[in-house]
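What follows is one structure encoded as structure tokens, with my remarks underneath.
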Amino acid sequence: MNVTFPTLMGLFHTTLNNVQWITTAYLLAVTLTIVLAAYLQRSFYYRTILTVSVLASFFGGVICAAALNLSMILLGRVIQGAGTGMALPLSS
């Protein structure tokens, strides 16, 4: 994501500090979702968790692709981060 920062800064006419929130928000979402993974695995079937995580990653990507402003990209990346955070504990 870091290589796209200059392009995003020019596209959305914003500062580097604002664009860096894209990566920060994604990593926060991944971290928070991983913390909840034990609860999710006790409460739901693995197949359900995996399906939701794939759908979250997909729809987050669609939101990012259709983004008209930085807030939409942030929302999409948070949704992608939640999907990644759900899928990571299932892979081990």
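- A continuous path of hydrophobic side-chain contacts links Val52 to Leu90 [ILVMFWY only; heavy atoms under 4.5 Å].
- In terms of hydrophobic clustering, with Ile, Leu, Val, Met, Phe, Trp and Tyr side chains grouped at heavy-atom distances under 4.5 Å, Ile22 and Phe12 are assigned to a common cluster.
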Check: residues 66-88 side-chain donor-acceptor pairs under 3.5 Å, at least two apart:
residue	atom	partner	partner atom	Å
Asn69	OD1	Ser71	N	3.3
Asn69	OD1	Met72	N	2.9
Arg77	NH1	Gln80	OE1	2.9
Thr84	OG1	Tyr26	OH	3.2
Thr84	OG1	Gln80	O	3.0

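- Met9 and Leu11 fall within the same hydrophobic cluster, where Ile, Leu, Val, Met, Phe, Trp and Tyr residues are linked whenever their side-chain heavy atoms come under 4.5 Å apart, directly or through other members.
- Between atom CG of residue Leu50 and atom CG of residue Leu55 there is a gap of 9.5 Å, rounded to the nearest 0.5 Å.
- Contact of the Gln41 side chain with the Ile49 side chain is registered, since non-hydrogen atoms from C-beta on lie closer than 4.5 Å.
- Trp21 and Phe5 end up in the same hydrophobic cluster when Ile, Leu, Val, Met, Phe, Trp and Tyr side chains are linked at under 4.5 Å.
- A distance of 6.0 Å separates CG in Leu36 from CG in Leu40, rounded to the nearest 0.5 Å.
- Both Phe44 and Tyr46 belong to a single network of hydrophobic side chains, linked directly or stepwise wherever heavy atoms of I, L, V, M, F, W or Y lie under 4.5 Å apart.
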